[in-house]
Structures are given as structure tokens and as C-alpha cells.
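Below is one structure, written out as C-alpha cells, with a few remarks after it.
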Amino acid sequence: MQVLWFKRDLRLSDHLPLFEAMRNAKHHGLVLPLYIHEPSHLADSHTARQHQAFVHECLDDLQQQFRAVGGYLHEELGEVVDVLADLHAQYKFTHLWAHQETTQLVQFQRDKAVAAWCRSVGVAFIELPQNNVQRGASFFRALEEKPSFQTYLDRAAQEPIKNPAGRDLSAFFAPRPPQDLNRSNVPLAAGADKPLRMKGGRTQARAVAAKFFTPAKLKAYPFSISSPLKAWNGCSRLSPYLAYGVVSDREVLQKLNVLVNTVHGQGDPHAIAKVEDAARFYVDRLIWRQGYFQQFENHGGLETDAFYQGEPSEINAADLQAWQNGQTGFPYIDALQRCLFQTGWLNMRARATLVSFACVQLGLPWQPVALYLAQQFVDFEPAIHYGQVRIASGTSHFSQMLVYDPLKQQAEQDPKGEFVKRWLPEFGTAQYLAPLIDNAESLKQGKARLHAMRQNRL
């Protein structure tokens, strides 16, 4: 028998481990698809109740996808090695298939423990790459060959995607284990769900993609991503579905390719040029995304290590709490936090503005700032999250120092105050707080502190 382990790849379409396990069923045995609810992961400080609820919705949808092809998804509760050991004792499976996961050190160490356990019992552990991320020696071989991500994009946009939908694959699945998990027994992650967050599942993802991938939406995209007002409907909003592997980047690229080809068929040169420009702009963001993944894969210390001598380490608890609660007296900052608390989502510039204010102007260490925001973002993707936080806090190796003046950002991104009025109803009343700090002075001091710090690279 073979076990197919799902992690951050909650889909059937464009799932290479699924395809390979099915293809090898004659030689290695029938396939048991598995998702493991890990107590240690649920108790991790980065995991919040909203993430767990989103994943459960994705799993419900994935169960339906499996049923449609004659299969099932088996769910277990426990630490991964313990669950695998129990299954091995029952079924003596010989192969474990999974996608590589570019994620935090704790998950990477877990996968190393799984690999060690597999070697100890003679199980073949086959991890296949995704998102074009190269691991270990493969990365250095790739450097020597100098492949471009554009080559990957071109290939990904053209190659047929393996999708089992519409087929009867019941003959490939192992008999379903007799014990089904009751999810009410799964420990709840900390915190509360967010009332206005996006819902999980491939059905939801397809609906979101269909709404975005139109000529009008794509053309407006480059002009919609900076303002939190415009970005709400102007961005693709696929980030949570990409973060949990509900859709693959290849699927997104192919939808983009179909849209561009459709516009080409309409023959209007002006419209074609505008859509092509917007498509390239969108692809640039996918290239950045892949770059964050590869950087995180190569440098796991991104989430823990200081890069400069003298990085802030002392936490002013009152300032941190005021920033978290949206009580800084800076209306744009406070409105962003209130929106995030309700929805679990902000556009990239808004995220950078929050981090810059906390780390540059309030002088908070980047670590508690990163942790709090990880808990709040429904699309928390460690590689992207830590890469962006380090840049916006001035503690990355990025050559350019980016500082976002909150008053300037408010004037540019919310000139009529619509966003602030929506999310900060007390603004303009006697109940609203005075500014926690002086904006000009805190910017001046913060920039000077960063410049001095960045002269002392560790």
C-alpha cells in the first residue's frame, strides 16, 4: 500500500504526488490519501483559529473532490510520525508520497523526522517539489544551469495540467480505514474566527478566480493594488488559496494565459496591449512570490536570526498593544488594524505600512510584530510573510531601506477618508485618541536608528 500525505497542497488538480502514486499503484499497491491534524502545529503561536477554520473548509471541499473520483480523504489526529507508525503497523505501507513544503523550521524539522522514520522501517519517502522551488543540491545545480523563472512560467502556462476530475479512480484507492476522525475531537487553535474572512475550499477559489480573470479586472489590477479601498476588489484575492495549495501557481498562470489569448482573438490592438501589460505586471508578482519561497528555502534563519548588530530587542508592551488594537491615534494605521482584525486580509502596501510604523516609528522588534500579523493574516505564508516583514522593518539584506510615512500613505491611498471612516467610526469624535508619537520626529529618529544599525551587519 502507498500513503499520500497532504500538507499545504489541498487539491487534486495539478498534484504530482497524487498522479505518481496512482501511476505506481500496480507496482507499489493501492493509495491511502491522508491529512493529519497535528496538535503541535495547532498549538504553535503562529496558528490561529481562523487558519484552522479555513483549512477545515478546504478539507471538506477536498473530501468532495475525492468522492467525485471514487475515493476518500482519511483524516487523523496526532503527531505525524506517531500517526504514520500506527498506520504502518496496520497496513505495512511501502511508499509515502508528499509535496515538499517550504515553510517554518518546525515543519522542516518534522519532515526530517518523517524521513528518518521512513528510513528506519524501509518506507520510501518521495517528496516532490512545487512552486518551482529547488531544495538543497538541486538549487545549486539549478544555479549552474542558470534557468530563468520566465522559462518555468512559459512552460507552466503551456503544459497540460493533470486533473483527475470526471474520472472513476475507485480501483486505485486502498480500502478506507474503519475509524473516521470526528473533528470535534481536534483541539481548537487559539483565538477566534474572523467574521469577514474569505472561506476555504476549491469551489470558493474557482469563484474568486473567475471574478478576477476578466479583461476589465486585469487591466485595472496595476492601478488597484496600493489602496486598501481599491485592492479589496481590485486584487485577485487568490493569496489564501495559493498559501494552502488549494490552487497551484501553474493553474493561475494558465487562467492568465487563456485570458490573454481570448483578448488576442478579439483583434483590438489597443485592448490587447493593455491586457498584455497588466498580465506582465501580475506575472511579476508571481515571480516575486517564487523568489520569497526560494530565499526562505535557502535561508531558514529568516524567521529567527538577527542580521544586524543592535537590532531592537526591547518590547514596549504598551506601544505594542496600542498598535495591535488600532489605538495609536494615527487614523490610517488604526483603520488598517481594525480591518485586518475583522477580515484577515490587507493589500501588500498596507501590510508594509503597518510593519514600518511598528518597527521604524515605534521602535518595536520585528519578531513580535511578525508573530502578531502571522496570526491575523488568513493567507499567512511563512516564506512571503517573513520576507516582507524583514524588508518593511529594515532588518533584511535588501539594499534599499523602505519606510512608509503613515500620513503620506493616508493622503495618497485614502484621500477622501473613505477607508478610515468605514473601519474607524470613532475618528473625528471626542473618543478618538491623540497620536501616540510625533510623526515627523519618530520618522527622523527611526530612520537614523536604522541607518546606524545597518552599518553593522552580522
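What's counted below: heavy atoms across the whole structure, side chains too, no hydrogens, waters or symmetry copies.
- Between Y241 and F54, the distance separating the two ring centers is shorter than 6.0 angstrom.
- The shortest side-chain heavy-atom distance between Q130 and D9 falls under the 4.5 Å cut-off.
- Evaluation of the salt bridge (Lys or Arg N to Asp or Glu O under 4.0 Å) test over residues 18-36, restricted to residues two or more places apart or in two chains, returns E20-R23.
- Counting only heavy atoms from C-beta outward, the side chains of E303 and R390 never approach each other to under 4.5 Å.
- Proximity of H95 to I126: side-chain heavy atoms (C-beta onward) are separated by under 4.5 Å at one or more points.
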Audit row: R280, D277, salt bridge (Lys or Arg N to Asp or Glu O under 4.0 Å) steps and yes/no: CA-CA 5 Å; R280 281 191 287 269; D277 288 345; 2.6 Å; yes
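- For D414, there are no salt bridge (Lys or Arg N to Asp or Glu O under 4.0 Å) partners, not counting sequence neighbours.
- Remark: Q367 pairs with no residue by the side-chain hydrogen bond (donor to acceptor under 3.5 Å, both in side chains) rule, at least two apart or across chains.
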Which pairs of donor and acceptor atoms, one on a side chain in residues 349-359, lie under 3.5 Å apart (sequence neighbours left out)?
unit_1: R351; atom_1: NE; unit_2: L346; atom_2: O; d: 2.6
unit_1: R351; atom_1: NH1; unit_2: D379; atom_2: OD1; d: 3.2
unit_1: R351; atom_1: NH2; unit_2: L346; atom_2: O; d: 3.0
unit_1: R351; atom_1: NH2; unit_2: D379; atom_2: OD1; d: 3.3
unit_1: R351; atom_1: NH2; unit_2: D379; atom_2: OD2; d: 2.8
unit_1: T353; atom_1: OG1; unit_2: R349; atom_2: O; d: 2.8
unit_1: S356; atom_1: OG; unit_2: Y404; atom_2: N; d: 3.0

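- Residues meeting the side-chain hydrogen bond (donor to acceptor under 3.5 Å, both in side chains) test with R202, sequence neighbours left out: E251.
- For residues 160-169, the set of pairs meeting the salt bridge (Lys or Arg N to Asp or Glu O under 4.0 Å) definition, not counting sequence neighbours, is empty.
- When the salt bridge (Lys or Arg N to Asp or Glu O under 4.0 Å) test is applied to R289, no partner is found at least two apart in sequence or on another chain.
- For residues 253-270, the side chain to side chain donor-acceptor pair (under 3.5 Å) pairs, not counting sequence neighbours, are H264-E276.
- Put simply, CD on Q90 and CE on M1 are 8.5 Å apart, with the number rounded to the nearest 0.5 Å.
- The aromatic ring centres of F6 and F66 sit less than 6.0 Å apart.
- Cation-pi geometry between R197 and W345 is not satisfied (NZ or CZ under 6.0 Å from the ring centre, within 45° of the ring normal).
- Ring pair F212/Y282: centre-to-centre distance below 6.0 Å.
- Residue pairs meeting the salt bridge (Lys or Arg N to Asp or Glu O under 4.0 Å) criterion with at least one member in residues 87-98, sequence neighbours excluded, do not occur.
- In this structure, F377 and P240 have side chains that are not in contact, with every pair of non-hydrogen atoms separated by 4.5 Å or more.
- Between H88 and W117, the ring center distance clears the sub-6.0 Å criterion.
- Figure legend: cation-pi geometry between K230 and F223 absent, as NZ or CZ is not positioned both under 6.0 Å from the six-membered ring centre and within 45° of its axis.
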List the atom pairs, with distances to 0.1 Å, where a side-chain N or O of residues 34-46 and a protein N or O form a donor-acceptor pair under 3.5 Å, not counting sequence neighbours.
unit_1: H37; atom_1: NE2; unit_2: E75; atom_2: OE1; d: 2.7
unit_1: E38; atom_1: OE1; unit_2: R110; atom_2: NH1; d: 3.3
unit_1: E38; atom_1: OE2; unit_2: R110; atom_2: NH1; d: 2.8
unit_1: S40; atom_1: OG; unit_2: E79; atom_2: OE1; d: 2.7
unit_1: S40; atom_1: OG; unit_2: E79; atom_2: OE2; d: 3.4
unit_1: H41; atom_1: ND1; unit_2: Q107; atom_2: NE2; d: 3.2
unit_1: D44; atom_1: OD2; unit_2: H46; atom_2: N; d: 2.9
unit_1: D44; atom_1: OD2; unit_2: H46; atom_2: ND1; d: 2.9
unit_1: H46; atom_1: ND1; unit_2: Q104; atom_2: NE2; d: 3.2
unit_1: H46; atom_1: NE2; unit_2: Q104; atom_2: NE2; d: 3.2
unit_1: H46; atom_1: NE2; unit_2: Y386; atom_2: OH; d: 2.6

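- Residues satisfying the salt bridge (Lys or Arg N to Asp or Glu O under 4.0 Å) test with R176, not counting sequence neighbours, are D180.
- Residues that satisfy the salt bridge (Lys or Arg N to Asp or Glu O under 4.0 Å) test with E127, not counting sequence neighbours, are K7, R135.
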